[in-house]
Amino acid sequence: NMLSLAPDAVRALARDAGSTLYLRNVVVEVEQIRLTMQDLRAGGEVVTYRYNRAGKLSRTDKREPQITRCEDPFGAEDFDWSKVPMLVEQAFVAIGADRSAEIRVDVERPDKCGPVHAQVSLQKNSVINGAYFDRGGRIYKVD
């Protein structure tokens, strides 16, 4: 699955952008990774790129719809992308969710533009539970 490929996706976008990478939101799911950034190559427009299993990066037609209102981006190096699988495992334990739940990990700055965090959402039977982690990988909230 794509959970362990977040570092590869971030590196691919950094190479493609050709500059220091500042992100608005990164969504890691089992099937794909979507990275949203303000793209200077697109006139400063907020753009979402998709990274797939084949290691290909492509611009999507529309930007990620569920990003925070915080418009201050964060540097790609501000988060340890290799921790994503561990955060998902910790969320399953903390929430007690069925292992067949759909997984979504959002890495972003919260609406009030606080520090970078990761939200692991587990969805089963239309019920979504979330676990929130600081950039160091410590859980600070479960809902």
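If you're wondering where the values come from, they're calculated on a predicted model, not measured in any experiment.
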Q: Quick check against the 3.5 Å criterion: does Thr60 have a side-chain atom that pairs as donor or acceptor with the backbone of Thr48?
A: yes
Q: Test salt bridge (charged side-chain N to carboxylate O under 4.0 Å, His left out) on Arg69 and Glu108; report intermediate values, then the result.
A: CA-CA 10 Å; Arg69 292 185 298 270; Glu108 60 194 358; over 6 Å; no
Q: Within the structure provided, determine whether Val105 and Val27 are in side-chain contact (heavy-atom separation under 4.5 Å).
A: no
Q: Under the side chain to side chain contact (heavy atoms under 4.5 Å, CB included) test against Val107, which residue among Leu35, Leu87, Val120, Val116 passes?
A: Val116
Q: Please determine whether a side-chain nitrogen of the Lys or Arg among Asp134 and Lys141 lies less than 4.0 Å from a carboxylate oxygen of the Asp or Glu.
A: no
Q: Any donor and acceptor pair, going by atom type alone, linking the side chain of Lys124 with main-chain N or O of Ala97 inside 3.5 Å?
A: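 Such a contact is absent between Lys124 side chain and Ala97 backbone.
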Q: Determine yes or no for a side-chain-to-main-chain donor-acceptor pair under 3.5 angstrom, with Asp39 supplying the side chain and Gly44 the backbone.
A: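 Answer holds: no.
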Q: Treating Trp81 as the side-chain partner and Arg11 as the backbone partner, does any N or O pair qualify as donor plus acceptor under 3.5 Å?
A: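 Not confirmed, Trp81 side chain does not pair with Arg11 backbone.
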Q: Does the distance from a Lys or Arg side-chain N to an Asp or Glu carboxylate O, for Arg24 and Glu45, drop under 4.0 Å?
A: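 No, this pair does not count.
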Q: Under a 3.5 Å distance rule, please check whether Arg135 uses its side chain to pair with a backbone N or O of His117 as donor and acceptor.
A: no
Q: For the pair Arg99 and Glu89, find out whether any cationic side-chain nitrogen is under 4.0 Å from an anionic carboxylate oxygen.
A: yes
Q: Under a 3.5 Å threshold, yes or no: a donor from one side chain and an acceptor from the other, between Asn25 and Asp106?
A: yes
